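Predicted model only: the values in this text are computed from it and were never measured.
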Amino acid sequence: MRFIVTEKVRTGVSGDNKDFMKVAEGYLKYMAKLQKKGKVIGGPCLDVLSNGYILETKTIEEMGEIFFNSPANFFLDREVHPIGSFEDTLEGMKERS
């Protein structure tokens, strides 16, 4: 299963305090580890303050665990969209006609 994920720091979270900087450092290390394992493709968007990546997991539960275990989980707003294939879309179109 593949998902497009975008993450931004929640409104009202200050990046100026030391506690947040520790969380951010832990989060970046966590994401780098997932990238090395091949679970994450992509990374921080260089033109805006957000992350955009493709997450690949075997199950929905694994996706949930990855998000739950993220050190920055409670500081982020996250959008997750499943990615299908063009063949899936064609099959869906055929079923509608």
Which pair of heavy atoms, one from [X] and one from [Y], lies closest together, and at what distance?
{"X": "Gly38", "Y": "Glu56", "answer": "O-CB, 4.4 Å"}
{"X": "Tyr30", "Y": "Ser70", "answer": "CE2-CA, 3.6 Å"}
{"X": "Gln35", "Y": "Gly42", "answer": "NE2-O, 2.7 Å"}

For this session: Only counting residues at least two apart or in another chain, list the ones meeting side chain to side chain donor-acceptor pair (under 3.5 Å) with Glu91.
Result: none

Problem set entry | Partner set under side chain to side chain donor-acceptor pair (under 3.5 Å) for Glu62, not counting sequence neighbours | Lys39

Seminar exercise, completed: residues 43-74 vs ring-ring contact (aromatic ring centres under 6.0 Å, His included), sequence neighbours excluded, gives none

For this session: To the nearest 0.5 Å, tell me how far Met31 CE sits from Leu55 CG.
Result: 7.5 Å

Exercise. What is the distance from atom OG1 of Thr57 to atom CG of Leu34, rounded to the nearest 0.5 Å?
Worked result: 11.0 Å

Exercise. Tell me, do Asn51 and Val5 make a side-chain contact under 4.5 Å, heavy atoms counted?
Worked result: no

Problem set entry | Partner set under side chain to side chain contact (heavy atoms under 4.5 Å, CB included) for Ile60, not counting sequence neighbours | Met1, Phe3, Met63

Cut-off 3.5 Å, no hydrogens considered: what does the side-chain donor-acceptor table look like for residues 75-86, sequence neighbours left out?
{"residue": "Asp77", "atom": "OD1", "partner": "Arg10", "partner atom": "NE", "Å": "2.9"}
{"residue": "Arg78", "atom": "NE", "partner": "Glu7", "partner atom": "OE2", "Å": "2.8"}
{"residue": "Arg78", "atom": "NH1", "partner": "Asn73", "partner atom": "OD1", "Å": "2.9"}
{"residue": "Arg78", "atom": "NH2", "partner": "Glu7", "partner atom": "OE2", "Å": "3.2"}
{"residue": "Glu79", "atom": "OE1", "partner": "His81", "partner atom": "NE2", "Å": "3.0"}
{"residue": "Ser85", "atom": "OG", "partner": "Glu87", "partner atom": "N", "Å": "3.4"}
{"residue": "Ser85", "atom": "OG", "partner": "Glu87", "partner atom": "OE1", "Å": "3.4"}
{"residue": "Ser85", "atom": "OG", "partner": "Asp88", "partner atom": "N", "Å": "3.0"}
{"residue": "Ser85", "atom": "OG", "partner": "Asp88", "partner atom": "OD1", "Å": "3.3"}
{"residue": "Ser85", "atom": "OG", "partner": "Asp88", "partner atom": "OD2", "Å": "3.2"}

For this session: Scan residues 18-28 for pairs that pass salt bridge (Lys or Arg N to Asp or Glu O under 4.0 Å), counting only residues two or more places apart or in two chains.
Result: Glu25-Lys29

